[in-house]
Amino acid sequence: MSALDLPANADETLLLKLRRRLRQCFPERRLQVNDRVVAYRECGTGDATVVLLHGIGSTSASWMEVAAALAPRARVLAWDAPGYGDTSPLPQARPKADDYAQALEGFLKAAGVTRCALVGHSLGGLMAAAHARRHPQRLERLLLVSPAQGYGAADRRADGARVRGERLRALHAQGLAQVADQAPARLLSASADAAARAWVRWNMAQLKEGGYGQAVELLTGDDIARYAPSPLPVTVFCGERDLATPPADCQTVAAAFNAPFHLIPGCGHACHVEAPAALADLLSAALAPSHPHTKEAHHG
């Protein structure tokens with residue numbers, strides 16, 4: 001370990017432990033998909049396969065504890081979306097969810113995934129919904145965790161233009177490090193522990209300006225309702241204290257997909273980081289063969 005790697009405080013010591021665990025339990029891999037590289041993480045064995053898609057301010061590593069909890073019963077993969085990590089960016093300057101869905105389909109084929117449950121968090125939910133609509137033959141079920149609606153609908157475009165400007169200005173004016181420092185306050189509840197805060201900060205600090213910029217274009221230029229209803233069974237989850245995609249917004253998504261809705265008590269938007277055991281239990285229950293395809297939405 002070089003002098004630059006030595007922990008200067010308790011937060012850095014904690015982060016070193018988290019990154020060591022990441023290497024051990026959810027190692028990074030790469031695939032060549034045509035002329036593109038896709039970076040992803042994989043763990044677990046089992047008859048089932050679960051694929052995890054991260055949100056706009058995160059990476060595949062954010063799924064570490066959920067993946068570890070699911071690993072005894074399933075093969076678990078989490079990609080770095082185009083333009084994130086070492087994954088090649090998309091060629092489109094202003095991509096839509098279908099463009100990410102096409103990239104995802106290529107990755108799944110290359111990874112040997114014939115059938116899977118697809119889990120999308122936040123903006124990853126928009127990507128997942130598009131993939132389910134375009135490639136239902138590869139999926140068994142769609143699980144949306146605090147899904148982003150997007151701002152592509154006619155009545156939301158003005159808000160979308162404002163959000164686009166705010167996000168890009170913050171990135172250019174403050175830089176990724178400062179944006180990452182502010183992330184826990186927006187993405188976690190006030191009761192989140194130090195490990196969750198450190199992990200949210202670290203994941204956001206790994207972003208690349210180009211990939212993040214493309215994701216902002218997706219967020220502000222597309223609409224998850226375009227991909228509803230889904231040809232697959234769908235379940236929607238949301239953190240009880242989610243400020244980024246509040247429960248009422250997630251209920252709207254659930255209604256559009258005719259899907260059951262589950263609140264995850266006590267946690268914010270990054271529930272997969274703040275309450276991974278609770279989310280893993282809910283995902284496992286949804287993946288069970290006896291789980292009903294549709295039912296009325298409910299709280300908790």
Side-chain angles (χ1 to χ4, degrees), residues 9-19 21-22 25-26 41 52-70 78 80-81 84-85 119-126 143-149 163 166-167 170-171 174-207 212 215-216 219 236-251 253 261-283 299-300:
N9 54 47
D11 284 347
E12 291 187 20
T13 301
L14 176 58
L15 189 55
L16 284 173
K17 292 179 180 178
L18 290 167
R19 293 178 65 184
R21 174 164 169 74
L22 178 66
C25 77
F26 205 25
R41 298 181 184 276
L52 308 168
L53 309 185
H54 63 80
I56 190 170
S58 199
T59 74
S60 60
S62 65
W63 289 104
M64 174 175 66
E65 296 299 347
V66 171
L70 294 175
D80 282 312
Y84 286 70
V119 183
H121 174 256
S122 196
L123 193 65
L126 181 51
L143 304 165
L144 303 176
V145 183
S146 292
Q149 289 180 294
V163 169
E166 289 174 353
R167 289 205 176 228
L171 179 65
Q174 302 173 15
L176 276 172
Q178 188 170 342
V179 171
D181 282 342
Q182 297 167 356
R186 294 186 296 103
L187 302 182
L188 299 169
S189 75
S191 58
D193 64 20
R197 294 179 182 282
W199 205 226
V200 162
R201 277 194 300 269
W202 182 81
N203 272 272
M204 184 166 278
Q206 307 313 302
L207 304 190
Y212 180 76
V216 169
L219 174 66
V236 178
F237 308 90
C238 180
E240 181 184 27
R241 300 176 185 173
D242 190 335
L243 301 178
T245 56
D249 290 355
C250 292
Q251 281 186 290
V253 174
F261 172 73
H262 299 271
L263 276 181
I264 306 172
C267 64
H269 183 66
C271 52
H272 60 312
V273 175
E274 186 172 356
L279 178 58
D281 285 347
L282 286 168
L283 295 177
H299 296 279

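Computed from a predicted model, the values in this text were never measured in an experiment.
For A183, the side-chain contact (heavy atoms from CB on, under 4.5 Å) criterion is met by R186, L187, V200, M204, not counting sequence neighbours. Listed by chain and residue number, R21, A68, P276 satisfy the side-chain contact (heavy atoms from CB on, under 4.5 Å) test with E65 (two or more places apart in sequence, or in another chain). Applying the side-chain contact (heavy atoms from CB on, under 4.5 Å) test to L176 and every residue at least two apart in sequence or in another chain returns L171, L207.
The distance from the CD atom of E12 to the CZ atom of R19 is 10.5 Å, given to the nearest 0.5 Å. To the nearest 0.5 Å, atom CZ of residue R41 and atom CH2 of residue W63 are 14.0 Å apart. Interatomic distance, L144 CG to H121 NE2, rounded to the nearest 0.5 Å: 11.0 Å. To the nearest 0.5 angstrom, L219 atom CG is 5.0 Å from I56 atom CD1. Atoms CZ and NE2, on F237 and H272 in that order, are 14.0 Å from each other to the nearest 0.5 Å. Expressed to the nearest 0.5 Å, how far CZ of F261 lies from SG of C250 amounts to 5.5 Å.
At least one donor-acceptor pair closer than 3.5 Å links the side chain of E274 to the backbone N or O of G268. Y84 places no side-chain N or O within 3.5 Å of a backbone atom of G57 that could act as its donor or acceptor partner. Formation of a donor-acceptor pair under 3.5 Å by the Q206 side chain with backbone atoms of T59 is not found in this model.
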Under the side chain to side chain contact (heavy atoms under 4.5 Å, CB included) criterion, do L22 and W202 qualify, and how do the steps go? CA-CA 12 Å; L22 178 66; W202 182 81; 4.3 Å; yes
Let me see the working for R201 and D11 under side chain to side chain contact (heavy atoms under 4.5 Å, CB included), right down to the final yes or no. CA-CA 11 Å; R201 277 194 300 269; D11 284 347; 4.0 Å; yes
When you look at R167 and V179, which way does the side chain to side chain contact (heavy atoms under 4.5 Å, CB included) test go after all the steps? CA-CA 10 Å; R167 289 205 176 228; V179 171; over 6 Å; no
Evaluate side chain to side chain contact (heavy atoms under 4.5 Å, CB included) for V253 paired with Q149, printing each intermediate quantity in order. CA-CA 7 Å; V253 174; Q149 289 180 294; 3.6 Å; yes
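Listed here is the closest heavy atom pair of N203 and S58: CB-OG, 3.8 Å. Scanning both residues, L70 and A280, for their nearest heavy atoms gives CD2-O, 3.9 Å. Across every non-hydrogen atom of A196 and A192, the tightest pair is CB-CB, 4.3 Å. Minimum heavy-atom separation, S189 to R241: CB-CD, 3.8 Å. For the pair M64 and C25, the tightest heavy-atom approach, listed with the atom from each and the gap, is CG-SG, 3.7 Å. Nearest heavy atoms, L18 versus A198: CD1-CB, 4.3 Å.
Two residues are said to be in side-chain contact when any heavy atoms from C-beta on lie closer than 4.5 Å; L243 and H269 fail this criterion.
Between the side chains of S146 and D242, at least one donor N or O lies within less than 3.5 Å of an accepting N or O.
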